[in-house]
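We're numbering straight along the sequence, starting at 1.
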Amino acid sequence: MNAYLSIWKLRFITGLQYRAAAYAGMVTQLFFGLVFIMIFVAFYRNGAQDQPMSLQDVVSYIWLQQVFLSFIMLWFRDNEIFQLITGGNIAYELCRPCGIYEFWFAKLLAQRVSSAALRAVPILVIAFLLPKAYQLRLPPSLATGALFLAALVLGLLIIVSVSMLIYISVFWTMSPTGSTLLFAVVGEFFAGLVIPVPLMPAWLQRVASALPFRWSADFPFRVYSEQIPRAEALWGILIQLGWLAVLLGFGRWALNRALRQVVVQGG
């Protein structure tokens with residue numbers, strides 16, 4: 001366990017060094033957050049009156065997407081891992097006195113947390129200070145805030161587990177771009193990153209609920225505003241735990257299978 005904590009710490013500290021990229025990303029996220037909110041403001045003002053989410057809930061939903069973008073985006077890539085697989089240097093990983101799955105998981109987790117650590121607080125402060133129509137509001141209660149934090153952390157672990165499947169799939173596809181696009185396009189749509197899941201047609205909502213992606217983003221963000229009631233949120237957290245166990249188990253099995261079949265430098 002100490003080895004995995006050490007690699008997490010090292011990757012976290014390394015990620016904190018890229019401050020210029022973080023500031024540029026923060027400005028971009030603020031810009032897109034405002035653009036998306038203006039689109040939804042126009043939609044709510046000129047569309048049907050009865051919507052499954054209030055405009056204020058949607059505004060909070062959009063801002064939380066931008067604040068925690070590093071936690072939820074599937075196109076977040078570690079090119080070093082891709083190069084290890086496609087270039088044959090995976091042999092060096094096999095020599096490490098620790099599990100590859102846990103080693104990579106710790107690296108990916110640290111990268112996402114460090115990226116969010118540099119961007120989240122400034123975006124939160126600005127979002128709280130904006131005019132009322134564009135403002136992120138605090139959660140209705142401390143209990144709701146605690147449920148949100150629990151759901152957000154579990155969502156982060158779920159998205160890292162899904163990301164692990166992207167890297168593992170490259171053992172067969174040998175195409176990092178293809179594997180990333182396959183997961184990212186489907187995953188981010190059903191996570192609610194294009195439109196919130198409640199605004200989808202009923203049949204698409206059922207599909208989204210049957211997949212793990214919405215539990216990484218849509219669920220915690222709707223818990224924040226109590227669009228999902230607290231009692232229902234507790235059941236949702238149990239579902240998150242179930243999906244996390246399934247993804248971790250399947251990921252370890254898939255990686256072990258890939259490593260048994262891998263050929264390095266023709267050997």
- prompt: Are Ile168 and Met174 co-members of a hydrophobic cluster defined by side-chain heavy atoms under 4.5 Å apart?
  reply: no
Tightest non-hydrogen contact, residues Met53 and Pro198, listed as SD-CG, 3.6 Å
CG (Asn79) and CZ (Phe82) are apart, to the nearest 0.5 Å, by 7.0 Å
Of all heavy-atom pairs linking Ile123 and Gln66, the shortest is CD1-O, 3.9 Å
Is any side-chain heavy atom of Val59 closer than 4.5 Å to one of Gln135?
no
Exercise. List the steps and the verdict of side-chain contact (heavy atoms from CB on, under 4.5 Å) for Leu244 and Ser161.
Key: CA-CA 7 Å; Leu244 181 59; Ser161 302; 3.5 Å; yes
The side chain to side chain contact (heavy atoms under 4.5 Å, CB included) partner of Trp63 among Val58, Leu124, Leu30 is Leu30
Check your understanding: So, does Arg112 use its side chain to make a donor-acceptor pair with the main chain of Ser70 at under 3.5 Å?
Key -> yes
Side chains of Leu109 and Leu157: does their closest heavy-atom pair fall under 4.5 Å? yes
- Message: Counting C-beta onward and ignoring hydrogens, is there a side-chain heavy-atom pair between Tyr61 and Asp218 closer than 4.5 Å?
- Response: yes
Test item: Thr28 side-chain N/O and Ala24 main-chain N/O as donor-acceptor pair under 3.5 Å:
yes
Aromatic rings Phe43 and Phe40: how do their planes relate, parallel, tilted or perpendicular, breaks at 30° and 60°?
-> perpendicular
Query - Minimum side-chain heavy-atom gap Thr144-Arg230 below 4.5 Å - result: yes
_Has Gln240 got a side-chain atom pairing as donor or acceptor with Trp215's backbone, closer than 3.5 angstrom?_
yes
Min side-chain heavy-atom separation Phe183-Ser169 under 4.5 Å = yes
Quick one: do Val185 and Ile158 end up in the same hydrophobic cluster if we chain Ile, Leu, Val, Met, Phe, Trp and Tyr together by side-chain heavy atoms under 4.5 Å apart? no
- Side-chain touch Gln65/Phe32, heavy atoms, less than 4.5 angstrom: no
Correct closest heavy-atom pair for Leu211 and Trp243 would be C-CZ2, 3.9 Å
message: Between Asp78 and Trp104, does the side-chain contact (heavy atoms from CB on, under 4.5 Å) criterion hold? Intermediate values first, please.
response: CA-CA 10 Å; Asp78 186 326; Trp104 287 357; over 6 Å; no
Check: Ser179 side chain, Pro176 main-chain N or O, donor-acceptor pair, under 3.5 Å: no
Q. Any side-chain heavy-atom pair from Leu255 and Phe171 closer than 4.5 angstrom?
A. yes
Rounded to the nearest 0.5 Å, the OH atom of Tyr167 sits from the CD1 atom of Ile85 at a distance of 9.0 Å
When rounded to the nearest 0.5 Å, the distance separating NZ of Lys107 from CD1 of Ile81 is 4.5 Å
In terms of heavy-atom contacts, Pro139 and Tyr224 come closest through CD-OH, 3.3 Å
Note: Leu108 and Met164 closest approach over all heavy atoms is CD1-SD, 3.6 Å
ILVMFWY cluster, Met73 and Val27 together (side-chain gap under 4.5 Å) = no
- May I have the step-by-step check of side-chain contact (heavy atoms from CB on, under 4.5 Å) for Leu154 and Phe219, ending in yes or no? CA-CA 11 Å; Leu154 288 172; Phe219 172 70; over 6 Å; no
Rounded to the nearest 0.5 Å, the OG1 atom of Thr14 sits from the CD atom of Gln111 at a distance of 9.0 Å
Tell me whether Phe76 is reachable from Leu181 by hopping between hydrophobic residues (I, L, V, M, F, W, Y) whose side-chain heavy atoms are closer than 4.5 Å.
no
Here the gap from Glu232 atom CD to Gln227 atom CD, rounded to the nearest 0.5 Å, amounts to 9.0 Å
Practice task
Verify the neighbour count for atom CG of Leu129: are there more than 12 heavy atoms of other residues, nucleotides or ligands below 6.0 Å?
Solution key: yes
### Query
When you look at Ser60 and Ser225, which way does the side chain to side chain donor-acceptor pair (under 3.5 Å) test go after all the steps?
CA-CA 7 Å; Ser60 295; Ser225 59; 5.9 Å; no
Exercise for review: Would you kindly confirm whether Val125 and Phe31 end up in one hydrophobic cluster when ILVMFWY residues are joined by side chain heavy atoms under 4.5 Å apart?
Suggested key: no
When rounded to the nearest 0.5 Å, the distance separating CG of Leu199 from CG of Leu204 is 12.0 Å
Self-check item: Side-chain heavy-atom pair Arg222, Arg214 within 4.5 angstrom cut-off
Solution: yes
(message) As a quick check of understanding, evaluate side-chain contact (heavy atoms from CB on, under 4.5 Å) for Leu156 and Ile159, giving each step before the final call.
(response) CA-CA 5 Å; Leu156 170 61; Ile159 212 67; 4.3 Å; yes
Residues Ala258 and Trp172: closest non-hydrogen pair is CB-CH2, 3.6 Å
